[in-house]
Peer 1: 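Here it is, the structure in full.
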Amino acid sequence: MSVQPAEPRVAASGAELSALIVAIATRADREAFGRLFRHFAPRVKSYLVRSGLPANAAEELAQETLLTVWRKAAYFDPTRAAASTWIFTIARNLSIDLKRRERYGDTYKAETHEDEVDETSGETILMTAEREARVRAALAKLSEEQATIVRLSFFQEKPHSQIAQELGIPLGTAKSRVRLALNRLRALLEDLK
C-alpha cells in the first residue's frame, strides 16, 4: 500500500482523530484505520522527508508508523496527547531507530547470521491480534479501578510507589490492588496461552 496524497476534504478535528484511534483499539475497526491512514500517511511521509530521509525510506517508515498505530492503538490515551502528537512521536522514534541501525549496522551485520532472522508469519500476526483483542476484552470486564491499576502498572510500567502517589492511596493498598486486578485478569484469560 503506497502513501497517497492527503484527502482533499476538510481536515478532521483532533477529537475525530482520537476517536478513530479509540475505535481501532476497542473494535479493530478497519474503516477507522483506513481513514486514519489516508489522513496521516502522507503527512508523516512529508515530515520524514523534511527530516532528511529519502522519499522511499520515508514512505516505508510512514507505513510502519501507521502499522504501529494499528498494533498499539490500545496504548493511546487521548487525555495525555493528541492523536497527531502520538502518531508523529511514533514516526520520530522509528526514524531515530532507522538512523541508529544505519549508523551501527555494519557492527550488527558482522554479528548476525541470516539463519537467525525471524520473519513474522501472517498466522503469527493474526494470533497476536486475537490475543490482544482478548486481553482488551478482559480489561473491559474489570472494574474501572482495576483496569486503571493494570494500565498504570503494566502498560505504563509505573512502579507501585508512583501508582500509590498518583491515586492518592497507601503503598500497601496499591500493591494489593495490583495483585487483585492481576488475579482477576488471569482468571478472565485462563485459557489464553
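This chain uses plain numbering: 1 for the first residue, then up along the sequence. As the structure is a prediction and not an experimental result, all values here were calculated from the model.
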Peer 1: Given side chain to side chain contact (heavy atoms under 4.5 Å, CB included), test S84 with F40 step by step and report yes or no.
Peer 2: CA-CA 8 Å; S84 58; F40 277 107; 3.8 Å; yes
Peer 1: Hey, does the side chain of T85 reach the backbone of A81 with a donor-acceptor pair shorter than 3.5 angstrom?
Peer 2: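 A pair under 3.5 Å: no.
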Peer 1: Carefully, step by step, assess V178 and L182 under the rule side chain to side chain contact (heavy atoms under 4.5 Å, CB included).
Peer 2: CA-CA 6 Å; V178 169; L182 288 178; 4.0 Å; yes
Peer 1: Any donor-acceptor pair under 3.5 Å linking the side chain of S95 with the backbone of A91?
Peer 2: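 Between the backbone of A91 and the side chain of S95 there is no qualifying donor-acceptor contact (under 3.5 Å).
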Peer 1: Contact between T148 and L152 at the side-chain level, heavy atoms closer than 4.5 Å - yes or no?
Peer 2: yes
Peer 1: Please check if atom NZ in K72 has more than 12 non-hydrogen atoms from other residues, nucleotides or ligands closer than 6.0 Å.
Peer 2: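 No, because the 6.0 Å sphere around NZ of K72 holds 12 heavy atoms or fewer from other groups.
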Peer 1: Under 4.5 Å between side-chain heavy atoms, counting indirect links through other Ile/Leu/Val/Met/Phe/Trp/Tyr residues: same cluster for V150 and L188 or not?
Peer 2: yes
Peer 1: Sub-3.5 Å donor-acceptor pair from the side chain of R43 to the main-chain atoms of H39, do we have one?
Peer 2: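 Checked: pair present.
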Peer 1: Between T65 (side chain) and L61 (backbone), is there a donor-acceptor pair under 3.5 Å?
Peer 2: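 Side chain of T65 to backbone of L61, a donor-acceptor pair under 3.5 Å: yes, one is there.
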Peer 1: Tell me the closest heavy-atom pair linking W70 and R30, and the distance in Å.
Peer 2: CH2-CG, 4.1 Å
Peer 1: Taking it one step at a time, do I149 and L180 satisfy side chain to side chain contact (heavy atoms under 4.5 Å, CB included)?
Peer 2: CA-CA 10 Å; I149 287 280; L180 291 171; over 6 Å; no
Peer 1: Determine the minimum heavy-atom distance between A62 and A41, stating which atoms define it.
Peer 2: CB-O, 3.8 Å
Peer 1: Please verify the inter-ring angle class for F76 with W86; under 30° counts as parallel, over 60° as perpendicular, anything in between as tilted.
Peer 2: tilted
Peer 1: Yes or no on salt bridge (charged side-chain N to carboxylate O under 4.0 Å, His left out) for E60 and K45, after CA distance, side-chain angles and deciding distance?
Peer 2: CA-CA 8 Å; E60 286 183 33; K45 178 184 176 186; over 6 Å; no
Peer 1: Check the pair R177, T173 against side chain to side chain donor-acceptor pair (under 3.5 Å), reporting the backbone distance first and the verdict last.
Peer 2: CA-CA 6 Å; R177 288 183 183 175; T173 303; 5.9 Å; no
Peer 1: Under the side chain to side chain contact (heavy atoms under 4.5 Å, CB included) rule, what do L171 and K175 come out as? Steps first, then yes or no, please.
Peer 2: CA-CA 6 Å; L171 178 59; K175 289 179 179 181; 3.9 Å; yes
Peer 1: In Å and rounded to the nearest 0.5 Å, what is the CD to CZ distance from Q146 to R151?
Peer 2: 11.5 Å
Peer 1: Identify the heavy atoms of R184 and L142 that sit nearest to each other, and give their distance.
Peer 2: CG-CD2, 3.1 Å
Peer 1: Tell me whether V22 is reachable from I24 by hopping between hydrophobic residues (I, L, V, M, F, W, Y) whose side-chain heavy atoms are closer than 4.5 Å.
Peer 2: no
Peer 1: Using the rule side-chain contact (heavy atoms from CB on, under 4.5 Å), only one of V69, L67, L66 pairs with F37; which is it?
Peer 2: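 One option only clears the test, and that one is L66.
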Peer 1: Mind listing the closest non-hydrogen atom pair of A164 and A174 along with its distance?
Peer 2: CB-CB, 3.8 Å
Peer 1: Taking all heavy atoms of V49 and all of A55, pick out the closest pair and write down the distance.
Peer 2: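 Between these two residues, the closest heavy atoms are CG2-CA, 4.0 Å.
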Peer 1: Report, as yes or no, whether the 6.0 Å neighbourhood of atom CD on E166 holds more than 12 heavy atoms from other residues, nucleotides or ligands.
Peer 2: yes
Peer 1: Rounded to the nearest 0.5 Å, how far apart are CZ of R38 and CZ of F33?
Peer 2: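 The distance works out to 10.5 Å.
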Peer 1: At what distance, to the nearest 0.5 angstrom, does OG1 of T68 lie from CD of Q63?
Peer 2: 11.5 Å
Peer 1: With rounding to the nearest 0.5 angstrom, report the CD1 to NE2 distance, I169 to H160.
Peer 2: 10.0 Å
Peer 1: Would you say the side-chain atoms of Q162 pair up with the backbone N or O of P159, donor to acceptor, closer than 3.5 Å?
Peer 2: no
Peer 1: How close do K99 and S51 get, counting heavy atoms only, and between which atoms?
Peer 2: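 Scanning both residues, the minimum pair turns out to be NZ-O, 3.5 Å.
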Peer 1: Can you tell if the side chain of D97 reaches within under 4.5 Å of the side chain of R100, non-hydrogen atoms only?
Peer 2: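 A side-chain contact under 4.5 Å exists here.
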